[in-house]
Each structure stands twice: as C-alpha cells, then as structure tokens.
Enquirer: 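My structure is below; once you've seen it, I'll send some questions.
A, B, ... follow the sequence lines: proteins, then strands. Residue 1 opens every chain.
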Amino acid sequence: SPHFPPLENPGVRALQRQVACEPHRVTPVCWQMRGSRSKALHDRALVNCQYSMATFSTGERKRRPHGDRKSSEMTLHLKQTFEAAILTQLYPRSQIDIYVQILQADGGNYCACVNAATLATIDAGIPMRDYVCASSAGFIEDTPLADLNYVEEAAGGPQVALALLPKSDQIALLEMNSRLHEDHLEQVIEAASKACKDVYAVLDQVVRDHVHEVTTLLGE
Amino acid sequence: MASVVLSEAEKVYIVHGIQEDLRVDGRGCEDYRCIEVETDVVSNTSGSARVKLGHTDILVGVKAEMGTPKLENPNEGYLEFFVDCSANATPEFEGRGGEELATEIVNTLYRIFSNESTIDVKSLCINPREHCWVLYVDVLLLECGGNLFDAISIAVKAALFNTRIPKVRVLEDEEGSKEIELSDDPFDCIRLNVDNVPCIITLSKIGCRHVVDATLQEEACSLASLLLSVTSRGTLTCMKKLGNGSLDPESIFEMMEVR
C-alpha cells in the first residue's frame, strides 16, 4: 500500500515515494519553481519530465538508464499528458520538473508512471484539472484484458495505453501498437477506461486518507 | 557532489557546535545516523539491497551474467560497476548532470575491489579462458543526504551477500565442444563470501575537529574529507582524500585513530 514520507517544505518542494502496484515500483517527482530564464514561457509554466529506468529493472540488463529512444519517447508522452492536466496558466515563467524512476519493470511502465506522477503532483500541491489515471489493455484469445504484465506484453498481441481524466471522461493520451481489428477497439478501450476508473478510486482514497492523517497530526 | 547553500551564520553555528562535540541533530562527532538495510528488494536481480542512512537512500542491484574472462586473468570472473544518479536526488542530476559524481564513485569502487582478497573471483570462473560469471553491480542514488560513499559501500556489500548465482555444469561432447547446463532447481545456487568486502568510512574535517557521517549541511562546511576503506579485520584497503582544502599529515593519523 502506498505510503508518504513527511512533507519537507510543502510549498516549495515535495518528494514522494510510491509503490504503484507490486512488484512494479516507480519513484517519482520533484517540483521546483526555478527561474529558468532561457526556456521560460511568458504565459504558463513549463513542464519538464525525465523518465529513467534503473539498469537492473528489466530481465535483461539495460545499459543506459535514460537518453535512449524509448526513454525519450516516454518522457515526451509524460510531458504531453501532464501539460493537459496541470493548470499551467497559474505559474507563468516557471518550471515544473517531474522525474520518474523505474525500480523494477513488470509491464505497464507508462501507466504506473502516470499514476505515480499524479499522486506526486497532488502531494506537491500543484493544481490540476483532474486526476490522471492510466491503464494498459490488450486483446488475447478474443478477450479484452486490462493491465498487462510483462509476459502478456511480450506475447506480441495488441496493446493499448490509455491516460484518462476520470471525472470528465477525457482522454489525455491514447496509444496503441501492433494490429487490432476495429470491431474490437471499442471493447479494449472500454476495458482500459474501467481499469482507469478503478485506479482513480484507489488514488482518491489514498489522497483523502493522507490529508486526514496530516491534518490530525498538525492538530486543530 | 550535491550541495546545499548555507548562509555564513549557519556555517558558523555548525562549526562552533562541532568544536564542542555537539552536532546540529544532537549527535557526537563519532556517531552515525540510524542505518536501515533491506535485502532482496528487486526480484528481477540476482541480488539487491537498499540502504537508508538518514536522508541518503541507495539501491543496489546485482545481475550475474555469463561472459568471457578477461585476457589478463583467464581463470577468474570479474565485477563491473555502474552508478546512476537519479534526478530525484537533486535536479542537478537531470540528463547528464550526475556523470561526474558517478564516475568518481565508480572509480573508488573499482579501487576497493581491485584487491584480490576482497571477493573470490576464482569461484566465478566456469571454463578457464572461455566462460565465467560477470557480476554487474548497479548502484542507484535515490536521495542525497550526505555521506554517500559509506552508504554505497554498505549497500554493495549487502547486495553481494544477497546474490545468488545459479550452479552450472559443463558437459563436454565427443567433438570437444562444450555445453553449459543450468541446474533445474532454482534454489540450487552459490553464494558469495563477503567477509572481506570492506566498508568505507568518510571523515570530514570541520574546523579543527573531524566528524563521521556528515550530513549535506556539514559537508558544505567541511574543508576536506578523508575516505578510508576498512575490512572487518581492520586492514586498510584504500585511502583517498576529497575536497579542496588541505589536510595536515598529523591530522590524517588522528583521523585514522577514530575508526
């Protein structure tokens, strides 16, 4: 179950650890208001992401933790997802850094990253339109499957990754690879949406419990 | 090294406190913070360990793979080290920012393990000149809270202790070609003897006293540090001086008395 270390300096910087789902762990986010003059946007905040995998996270040892094509693509996807969700207009000429570190990979890397980064952003106090919940889905043996693990992903069937804003049912990111007949597409997206909504319920409960705990500790 | 910005007043406060053997968190000059060591954290690896020393958090994973022995040591396997400074530790480590620190740590680890008695590399050999076990030791810096080298050395030792290398048999054909057979039982494996793996102790000189296990703030006040790698039997395997200040030869001997 997820746990939160005490917030060091809530207004400025928040570091959070989260176990997204065993055995797949993601250690996310750091948020700083840094005056990065060169790349600053005049009307909104810049969202800067880095996706990094530990070299021992996959079955085969990975040589470069970040900087290769796959990591750059994931970084871009995360950036795209969070630019859609964070209210960047509130922080012009500032930068929000989201660093995601994969400790162990067992399928659904991108989805766990998004879920972890959502929680971390909430923990940092950055206003968002809605939670961003993500889940993967596939289609094996005429059955839609939600949340594929590594073995199911490696089987080579179609995989869909979906990032959803649950309250408004808006899709932040939709990605599919391999081949899927269009008749089956609706079922698969349906399965992924339902999984996202389930994740939303879990994340929401965790946030509420944490806020309750913190307010009790701070004393009324 | 990741560092914090301290005001002059804060530095003076820390330095004066240490002259009186009182550090900011109430410790004495020779006290360590509470250390948490957890092994077998990552199931994908042959061995892993996580060490938390105050705010410093290190994760080490060891993967055993088959390779060819090096030409100069055909009867031995070997260890390869890699350090990754995660951007979570400080934003300075984003992209290629952490490479300098990573190289420094890797070089120190290689020096410590270059000693023959540290790890029995002959036991990692399967077929002389043809096959051997290569242990890839990957260190991941999750959080920087001062005293990195000590925590890393403890984590590496714990991860090597936790490493399980599967037993293999070499079958020889009539034609002379060799085949390697992995044992069917997943629990049938060899463990490494880490009794002689040293631990690093870093002594930082602050004012005219030296402290053990410095936090980030204390490191910012220290002129220079001495890094010693010591085995359980008390033999010194490596020594290194870090930092811009200069150390008196006498103070070096004084520091060595501490450990």
Side-chain angles (χ1 to χ4, degrees), chain A residues 5-6 8-9 12-19 22-34 36 48-68 71-72 75 78 95-107 113 116-117 120 149-150, chain B residues 2 4 36 38 40-50 52 54-67 80-99 102 106 134-145 155-156 159 162-163 216:
Chain A
E8 295 167 306
N9 195 345
V12 177
R13 191 175 181 178
L15 223 67
Q16 178 200 19
R17 283 233 160 114
Q18 181 216 11
V19 177
E22 278 294 303
H24 181 171
R25 286 179 219 158
V26 172
T27 305
V29 175
C30 164
W31 169 51
Q32 283 203 158
M33 291 284 218
R34 284 190 299 169
S36 244
N48 178 31
C49 296
Q50 183 179 277
Y51 170 92
S52 173
M53 293 183 76
T55 40
F56 45 76
S57 58
T58 48
E60 287 273 318
R61 185 172 174 263
K62 202 172 179 302
R63 282 190 185 275
R64 290 183 68 183
H66 51 260
D68 56 330
S71 303
S72 308
T75 303
L78 282 171
Q95 177 170 311
I96 299 176
D97 298 324
I98 302 182
Y99 302 128
V100 185
Q101 179 82 44
I102 303 245
L103 303 178
Q104 186 166 308
D106 185 36
C113 288
N149 67 13
Y150 178 72
Chain B
V4 284
E36 277 176 44
E38 201 185 330
D40 218 11
V41 222
V42 182
S43 51
N44 249 340
T45 55
S46 311
S48 58
R50 184 168 182 172
K52 284 197 205 142
H55 280 299
T56 306
D57 198 346
I58 313 273
L59 181 58
V60 174
V62 179
K63 273 190 178 296
E65 285 180 20
M66 292 249 261
E80 287 265 345
F81 292 97
F82 178 75
V83 173
D84 182 21
C85 299
S86 165
N88 289 339
T90 20
E92 294 159 4
F93 290 161
E94 188 187 347
R96 305 190 69 161
E99 274 187 23
V106 164
V134 182
L135 294 180
Y136 290 100
V137 182
D138 299 313
V139 179
L140 181 60
L141 249 64
L142 291 171
E143 213 184 329
C144 263
V156 168
N162 183 239
T163 306
L216 274 183

Enquirer: side-chain contact (heavy atoms from CB on, under 4.5 Å) with B/T56: which residues, sequence neighbours excluded?
Expert: B/R33, B/L53, B/I58, B/L148, B/A151
Enquirer: Below 4.5 Å from any heavy atom of chain A, which atoms of B/V60 appear? Answer side chain, backbone, both or neither.
Expert: backbone
Enquirer: Is it true that a side-chain atom of A/Q101 and a backbone atom of B/L142 form a donor plus acceptor pair closer than 3.5 Å?
Expert: no
Enquirer: Compare every heavy atom of A/Q50 with every heavy atom of B/A87, then report the nearest pair and how far apart it is.
Expert: CB-NE2, 3.7 Å
Enquirer: What part of A/S52 is in contact with chain B, defined as an atom under 4.5 angstrom from a non-hydrogen atom: side chain, backbone, both or neither?
Expert: side chain
Enquirer: How long is the gap from OG1 on B/T45 to CZ on A/R61, to the nearest 0.5 Å?
Expert: 12.0 Å
Enquirer: With a 4.5 angstrom heavy-atom cut-off, which part of B/D84 approaches chain A: side chain, backbone, both or neither?
Expert: side chain
Enquirer: By side-chain contact (heavy atoms from CB on, under 4.5 Å), which residues pair with A/N149, not counting sequence neighbours?
Expert: A/D106, A/V151, A/E152
Enquirer: Any chance you could measure A/F56, atom CZ, to B/L140, atom CG, to the nearest 0.5 Å?
Expert: 5.0 Å
Enquirer: Of all heavy-atom pairs between A/Q104 and B/V42, which one has the smallest distance, and what is that distance?
Expert: OE1-CG1, 2.8 Å
